[in-house]
Amino acid sequence: ADVGMAADPSVNARLQAGGIGLVTMTEGVAAFSASLTPRGPAILGTTVLKWSKFLSTMPEVPPLMSAFASYKKAAGGAVAETGEKKAVSMDFIIEAIRQTTGGKVDPDAPLMEAGLDSLGAVE
């Protein structure tokens, strides 16, 4: 892509640091081919994930991903225990957006003004 965060050369490194890989041309073609299969799934997505890295970026494993909870590693490398829910402060959110966009974030401005487009939101 030539626009948005996908055009930034540092995006690939940040995604991989968070356990998200890029779909290769071969993987993309295979996914597209699978989407054309009669009576195939109505919705198909292709994502390359390193579960231990990806889940370690989250405070807890979301219920949708609970089947992969055993891959979550604690900071010391041990499998993390799921625990109680924790509150997330506005400062935490602003810092996460700042790290994603690499710039200053005004909490009262639209996220697009901070440089957070659709790819950045997924990140």
message: Could you walk me through whether Leu49 and Ile20 satisfy the side chain to side chain contact (heavy atoms under 4.5 Å, CB included) test, starting with their C-alpha distance in whole Å, then the side-chain angles of each, then the deciding distance to 0.1 Å, before giving a yes or no?
response: CA-CA 5 Å; Leu49 293 174; Ile20 302 171; 3.8 Å; yes

task: Check for a donor-acceptor pair, side chain of Ser35 on one end and backbone N or O of Phe32 on the other, with a separation under 3.5 Å.
output: yes

message: Surrounding CG of Leu64 (heavy atoms of other residues, nucleotides or ligands, distance under 6.0 Å), is the total greater than 12?
response: no

- prompt: Between Phe54 and Trp51, what is the ring plane arrangement, given parallel below 30°, perpendicular above 60°, and tilted in between?
  reply: perpendicular

- request: Provide the closest heavy-atom pair for Thr46 versus Ala31 in the form atom of the first, atom of the second, distance.
  value: OG1-CB, 2.8 Å

task: Specify the closest pair of heavy atoms between Leu55 and Met65, including all atoms of both residues, with the distance to one decimal.
output: CD2-SD, 4.0 Å

message: I need the Lys72 NZ to Glu60 CD distance, nearest 0.5 Å.
response: 8.0 Å

